[in-house]
Amino acid sequence: MTNHTIAAISTPAGYGGIGIIKLSGPDAIPISLSVFKPRPVSTDQRTDKGPCPEDAFPVSRHFYYGHVVDDNLDRHIDEALFVVMRGPRSYTGEDVVEIQTHSGPFVLKTILTALIQKGARIADPGEFTRRAFLNGRMDLTQAEAVIDIINARSARSIDLAMSLVAGGLKQEIECLRDSIWTVLSFVEALIDFPDDMDGESDAAAMISSLEKQVIPQIQTLITRYDEQHFLRDGLKVVIAGGPNVGKSSLMNRLINKERSIVTDIPGTTRDFIEESFTAKGVSIALTDTAGIRDNPDSVERIGIEKSWEAISEADIVLLTLDAGKAIHVNDLSLFERLANKKMIIVINKTDLPDDHILLSLPKEWVSIETVRISALYNLGIDDLKEKIAQMSFSSEVCSEQNIVPNLRHKQCLEKSLQSIEDARSGFLNSIPIEMVSIDLRSAMDALSEITGEVVKPDILDAIFSRFCIGK
Ligand SMILES: Nc1nc2c(ncn2[C@@H]2O[C@H](COP(=O)(O)OP(=O)(O)OP(=O)(O)O)[C@@H](O)[C@H]2O)c(=O)[nH]1
Ligand SMILES: [Mg+2]
C-alpha cells in the first residue's frame, strides 16, 4: 500500500480563500513538480547562499511561488504556493507535498486530475494519518486524537485530544506494560528455573505488584472514560416526561431554534429528535422524546420505545413536568426507572397561575436538583444550562488530569483488567504457572491493541474510515 503516491484535496469542499492539495509517497515530489512551474528567481532576489542546487530542489519546508500548469506547461491553471516536506521527518514519514491554490471546486479538481494522470492515486479517507501510524510517526491513540481535534466542538474536547496527541495515554499504557512485563519475566523464570525460585514468596510479590502498579491504574483509566468521555463525545442529555408538558418547546429553547414541532395536541412528538448545542463550554447532544403515556396508538408506541432507548443511553435526563397539573402515575414510574441516572427535574409552564405540581411532588423528589422554567416565555433556561454543565463536572475523577480514553481504549482496558484479575486469582489458587503466563500475555496484548502494536487490519479500517479524505 505504501508504494503508491497518494493525493487528495485536504481542504473542505466549497469556495474559499485557499485550497490545499496534498500528496504523499515516493513520487510525491516528481509528480507534483510535473504540474508546477516555479517563478524564475532573478539574480537580485537570490540569497547569499546562491541558487538551490538541482538535486536539493525543492528544499524541504520552503515555500515556492509559481503556477500550476497544464500538460503542455504553457497554460496557467492557477497561482500556487508549493511546499515539500521530505520524509522521514514529515506527517506521514514519506515525502509530502502541499500545493496551495485558490479554493474553488473546479480549480482543485482540475489540479487533482492532473496529478492522478501523472501517476498519483486518490487517497482513501484517513490514509495520510494511517501511513503516519504505519510508518511509526504516531501511535494509534495519537492517530485517533487527530480525528478528535477535527470533530472537537468545545475548548475542553480540544484539550482532551491534544493530551492524546502529546502521547499522554501512550505513556500511561507503556508504564502499565512495563509493570506487567516485570511480573511476566518472574513467571517465565519460575517456569524455566523452578528450583531457583521461592514459589510462594515470589507469588506474593507478584500479586502485590499487580495490585499496586497495574489494577488501580487500569481502573482509574476506565473510570475516567465513564466520567469524562462526554468532554470528547458530547454529553447526552434527554428530555423525557409525559405528553404535552412542553418537552419540544424546551428543546427549541435550549438549542435556540424551532427544530421540534410544538402543538397543544398530546402525542405530537413520535420519533426522537437530536440536536447539538454548547452550554458553558460543554458540547451537548440533546434528544427530545415522545411523551410517555398509557394506551398510545401503534406509531406512538414505537416512539415511546425509542424514548426508553434514548433514556437508557443518557448521561443526564431532564424529567419535565407541567406546573399546571398534578403529578401523574407515569411520572412516578419514570422517576423510578431513572433511579441510577443523573437527573434534573424541570418544572415547565411556571407562567401558569395555578402551580398544582408543587403540592403533589413526592417527598423523596425534594433532594433532586430542580429548575423552574417557562419554555413559552424563555424563563429559567440559562439557569437550566448552568445546572446541566455543573452536573456534568460534579463527578470528574481528577479535573487536572486530561488523559481520557475513548470507547475502544476502554474496551481494551477492560479486557486487560479481566486477564490481570485472572492472573491474580491464578497466583492465589496456585493454578499451573503456565496458565498465569498466558493471562499476563493477553493482558499485555489488550494494552498493545490500544497503542496499535498489536492490532487487526479490520480495526484499523474502522478507525481510519471515520476520517475525512485528505487527512
Ligand atoms: N403556558 C405555557 N405553555 C407552554 C409552555 N411550554 C409549552 N407550552 C405549550 O404546551 C403545549 C405542548 O407543548 P410541546 O412542546 O409540544 O409539548 P411536548 O411535551 O413536546 O408534547 P408531546 O410531543 O405531545 O409529548 C403547546 O401548546 C405549547 O405551546 C410554557 O412554558 N407555558
Ligand atoms: Mg413534543
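Counting convention: from 1, in listed order, for ligands and their atoms alike. Keep in mind the model is a prediction, meaning the values are calculated, not measured.
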What lies under 2.8 Å from the Mg ion (ligand 2), restricted to protein N/O/S atoms, is Ser248 OG, Thr269 OG1
Which residue owns the protein heavy atom closest to [atom], what's the atom, and how far is it?
atom                    : result
atom 28 (C) of ligand 1 : Val262 CG1, 3.7 Å
atom 15 (O) of ligand 1 : Ser249 OG, 2.5 Å
atom 25 (O) of ligand 1 : Lys247 NZ, 2.7 Å

Between [X] and ligand 1, is there a nitrogen or oxygen pair with a distance under 3.5 Å?
X      : value
Lys349 : yes
Thr269 : yes
Asn244 : yes
Ala375 : yes

Where on Leu352 is there a heavy atom closer than 4.0 Å to ligand 1, on the side chain, on the backbone, on both, or on neither? side chain
Side chain, backbone, both or neither: which applies to Thr268 and ligand 1 if a contact is any heavy-atom pair less than 4.0 Å apart? both
Does at least one non-hydrogen atom of Ile265 fall below 4.0 angstrom from an atom of ligand 1? yes
Counting only heavy atoms from other residues, nucleotides and ligands, does the tally under 6.0 Å from NZ of Lys341 exceed 12? yes
Nearest to atom 24 (O) of ligand 1 by heavy atom, Gly267, Gly241, Ala323: which? Gly267
Between Leu250 and Asn348, is any pair of side-chain heavy atoms under 4.5 Å apart? no
